[in-house]
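Just the heavy atoms: all of them, side chains too, but no hydrogens, waters or symmetry mates, feed the values below.
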Amino acid sequence: MSWGTELWDQFDNLEKHTQWGIDFVEKYTKFVKERSEIELNYARQIRNLSKKYQPKKKEEDDNKYTWCRAFHSTLNELNDYAGQHELIAENMTSQIIAELTRYAQEIKTERKAHFHDGRKAQQQVEASWKQLESCKRKFERDCKEADRAQQYFEKLDADINVTKADVEKARQQAQMRHQMASDSKNEYSSCLQKFNQEQNEHYYTIIPNIFQKIQAMEEKRIERMGESLKTFAEVDRQILPIIGKCLDGITQVAESIEPKNDSSQVIESYKSGFEPPGDVEFEDYGQAMKRTVSETSLTNSRSDSKADRSSKGKSKTLWPFIKKNKPPPDPPSPSAVTPDPCPTPQTPKQSKEPLSHRFNDLMTSKPKMHCLRSSTSSTCDFSHLPPEQRRKKLQAKIDDINKDIQKEMDQRDALTKMKEVYVKNPQMGDPNSVDPRLAEIAHNIEKLQAEAQKFEGWLAEVEGRMPVKSDPPKRTSVLYETQNSTPPTNNNCAQDRESPDGSYTEEPSSEVQSKVQPETAESGDEFDDADEEMLPTIGTCKALYQFEGANEGTISVVEGELLYVIEEDKGDGWTRIRRNEEEEGYVPTSYVEVFLDSNAKGAITYI
């Protein structure tokens with residue numbers, strides 16, 4: 001079916017139809033553009049979501065769990081998934097939007113040319129028709145004039161009163177009119193023949209050819225629309241395999257989750273290295289109390305009511321990982337004493353708390369590290385961590401340093417070889433230009449090795465103080481032990497008290513601090529008096545651990561060292577000792593094993 005033969009009289013409708021087709025192309029182009037923007041926005045939101053839930057630097061340790069690694073892999077796959085949607089938008093823009101925009105401009109120009117030719121042909125036909133009408137009206141007018149001239153001549157010829165000259169004039173006038181009518185007739189006939197020829201050519205040749213071109217243009221537009229729709233689907237289909245791989249990757253990492261392994265990793269992550277508390281020994285309160293009071297003890301100055309309160313069980317026993325434990329206050333000093341670089345575990349005190357409560361607290365409480373060391377130092381040697389965790393952190397740090405050392409050594413070897421090449425072939429470079437870099441690398445290696453030795457020393461210290469599994473240690477009350485006059489020993493001491501770098505206490509509450517402040521001030525006054533008059537010795541002690549004694553009012557001791565006791569622990573966790581006539585100071589009570597003289601007042605043995 002041809003538009004030229006079937007739609008020869010539908011020029012205006014065809015013009016409207018083809019314009020609607022071009023508008024449809026532009027409408028479809030706009031649709032694809034909006035779809036592309038949706039894909040871009042979706043991809044952007046997916047990327048932002050993936051970035052939002054990416055592990056932070058402080059969460060990098062979570063990668064040791066398989067379910068955390070699976071989630072992080074899912075985020076990475078989701079990022080690739082977003083990239084495929086960006087690819088959809090890019091392909092739609094380049095393969096559909098750009099092509100259809102260019103084609104719409106081409107088809108507009110072509111359509112304009114075709115309909116311009118059609119209008120021009122119509123104008124020619126209309127001009128021929130107007131000329132034919134003009135010739136026809138002229139022929140009609142001339143014929144009427146010729147008839148009137150003939151009638152006038154015949155009238156004059158029949159009238160006897162008219163002169164012969166007037167009759168002859170009328171006759172000539174009639175002949176002239178008949179000649180003009182004959183010429184108009186011939187002209188009209190010629191115009192009619194010409195119009196019919198042009199009209200026939202217009203409707204059977206020119207218009208069919210123009211409409212045929214418009215029809216071909218329209219069919220090409222429709223075909224192009226089909227190709228665009230197919231491309232629209234192919235763009236999505238092309239990325240389906242990659243999206244499938246992303247989803248398969250998510251499935252694989254989900255299947256790689258190992259619950260047993262993760263639950264075992266929890267043990268590795270939080271294992272402290274401590275041993276469970278031992279059995280609590282029976283405390284016989286039926287025996288008579290034989291405690292005496294030392295002259296240097298604060299019990300003399302305390303009122304009876306305070307002693308009563310102590311006997312009623314207000315003091316608390318120091319149990320591992322129990323939130324009710326309170327750290328000792330700062331040691332008494334004539335001036336403000338800076339925090340001790342290591343924690344000072346207290347000596348267990350008598351408690352009448354039910355055993356079931358202690359067990360519940362032991363199971364539900366959360367261990368806390370109360371280290372008086374500066375945050376920078378404790379973070380550097382990981383002393384704020386339990387022994388087992390500290391050992392792992394130190395080992396990991398040593399491994400990282402060794403990797404850095406190996407990297408520097410590889411660079412040194414490469415530069416050394418380069419220098420050798422320069423020495424053999426001076427034209428390739430100056431051997432001396434490598435020396436500054438070699439010196440810098442040597443300095444870096446020396447620095448890293450020193451740092452590695454420092455961490456290895458800390459690691460050796462931790463491994464040397466790690467508790468060895470043996471018989472469970474037994475908890476004994478200080479009062480009960482004193483009543484039975486049992487000489488103190490060093491058995492299981494390392495198990496009952498962790499080393500300074502691994503000891504645990506709880507954060508001090510405001511209530512305990514308020515109670516300790518007056519006692520601390522009183523102790524400070526006594527310390528001032530001690531500077532003026534030398535105190536007598538009341539016993540001896542043996543250092544269980546090394547203590548730096550870097551703060552004012554303290555004294556450093558070495559593990560195993562024997563010293564003199566000149567002032568017992570007054571409940572604040574510090575014992576005053578003397579090495580010689582010139583060296584004396586405070587040490588944490590838990591760092592020493594005290595042997596008080598039997599004839600001294602208030603003789604108490606601390607373990």
Asker: Using residues 440-452 as the side-chain source, report each donor-acceptor pair under 3.5 Å to any protein atom, sequence neighbours left out, with the distance given to one decimal.
Answerer:
from	atom 1	to	atom 2	distance (Å)
Glu440	OE1	Arg437	NH1	3.3
Glu440	OE2	Arg437	NH1	3.4
Asn444	ND2	Glu440	O	3.3

Asker: Output all residues satisfying salt bridge (Lys or Arg N to Asp or Glu O under 4.0 Å) with Glu583, sequence neighbours left out; order by chain, then residue number.
Answerer: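 Partners of Glu583 by the salt bridge (Lys or Arg N to Asp or Glu O under 4.0 Å) criterion, ordered by chain and then number, come out as Arg579.
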Asker: List the atom pairs, with distances to 0.1 Å, where a side-chain N or O of residues 429-436 and a protein N or O form a donor-acceptor pair under 3.5 Å, not counting sequence neighbours.
Answerer:
from	atom 1	to	atom 2	distance (Å)
Asp430	OD1	Asn432	N	3.2
Ser433	OG	Asp430	O	2.5
Asp435	OD1	Lys419	NZ	2.7

Asker: Applying side-chain hydrogen bond (donor to acceptor under 3.5 Å, both in side chains), name anything that partners Asp399, two or more places apart in sequence or on another chain.
Answerer: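 In terms of side-chain hydrogen bond (donor to acceptor under 3.5 Å, both in side chains), with neighbours along the sequence ignored, Asp399 is linked to Gln395.
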Asker: Can you list everything that forms a side-chain hydrogen bond (donor to acceptor under 3.5 Å, both in side chains) with Ser36? Sequence neighbours excluded, please.
Answerer: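 Counting only residues at least two positions away or on another chain, Ser36 forms a side-chain hydrogen bond (donor to acceptor under 3.5 Å, both in side chains) with Thr93.
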Asker: Who pairs with Asp23 by side chain to side chain contact (heavy atoms under 4.5 Å, CB included), at least two apart in sequence or on another chain?
Answerer: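 Residues passing side chain to side chain contact (heavy atoms under 4.5 Å, CB included) with Asp23: Gln19, Glu26.
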Asker: Any ring pair (Phe, Tyr, Trp, His ring centres under 6.0 Å) pairs touching residues 410-442, not counting sequence neighbours?
Answerer: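 Checked against ring pair (Phe, Tyr, Trp, His ring centres under 6.0 Å) - neighbours excluded - no pair reaches residues 410-442.
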Asker: Partners of Lys392 by salt bridge (Lys or Arg N to Asp or Glu O under 4.0 Å), sequence neighbours excluded?
Answerer: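 Listed in chain order: Glu268.
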Asker: Checking the side chain of Glu561 only, and the main-chain atoms of Val558 only, is there a donor and an acceptor separated by less than 3.5 Å?
Answerer: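 Yes, the answer is positive, given that a donor and an acceptor are paired below the 3.5 Å cut-off.
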Asker: If the condition is side-chain hydrogen bond (donor to acceptor under 3.5 Å, both in side chains), which residues does Asn48 pass it with, not counting sequence neighbours?
Answerer: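 If we apply the side-chain hydrogen bond (donor to acceptor under 3.5 Å, both in side chains) test to Asn48, skipping adjacent residues, there are no hits.
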Asker: Answer yes when Lys417 and Glu420 have at least one side-chain N-carboxylate O distance shorter than 4.0 Å, and no when they do not.
Answerer: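 Answer for the salt bridge query: no.
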Asker: Among pairs that include at least one residue of residues 76-89, which meet side-chain hydrogen bond (donor to acceptor under 3.5 Å, both in side chains), considering only residues two or more places apart or in two chains?
Answerer: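 Sorted pair list: Glu39-His85, Arg47-Asn79, Arg47-Glu86, Gln54-Asn76, Tyr81-His85.
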Asker: Taking side chain as C-beta onward, heavy atoms only, is Phe232 less than 4.5 Å from Ile96?
Answerer: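 Result yes, sub-4.5 Å side-chain heavy-atom pair found.
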Asker: According to side chain to side chain contact (heavy atoms under 4.5 Å, CB included), who are the partners of Ser556, at least two apart in sequence or on a separate chain?
Answerer: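 Partners of Ser556 under the side chain to side chain contact (heavy atoms under 4.5 Å, CB included) test: none.
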Asker: Tell me yes or no: between the side chains of Thr575 and Asp569, is some donor less than 3.5 Å from an acceptor?
Answerer: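 There is no such pair (donor and acceptor under 3.5 Å, judged by atom type) between the side chains of Thr575 and Asp569.
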Asker: Hey, can you pull the donor-acceptor pairs under 3.5 Å for the side chains in residues 237-261, sequence neighbours left out?
Answerer:
from	atom 1	to	atom 2	distance (Å)
Arg237	NH1	Glu234	OE2	2.8
Thr251	OG1	Leu247	O	3.0
Ser256	OG	Val253	O	2.6

Asker: Between Thr101 and Thr29, does any side-chain donor sit less than 3.5 Å from a side-chain acceptor?
Answerer: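 Their side chains do not contain a donor-acceptor pair, so the 3.5 Å distance test is not met.
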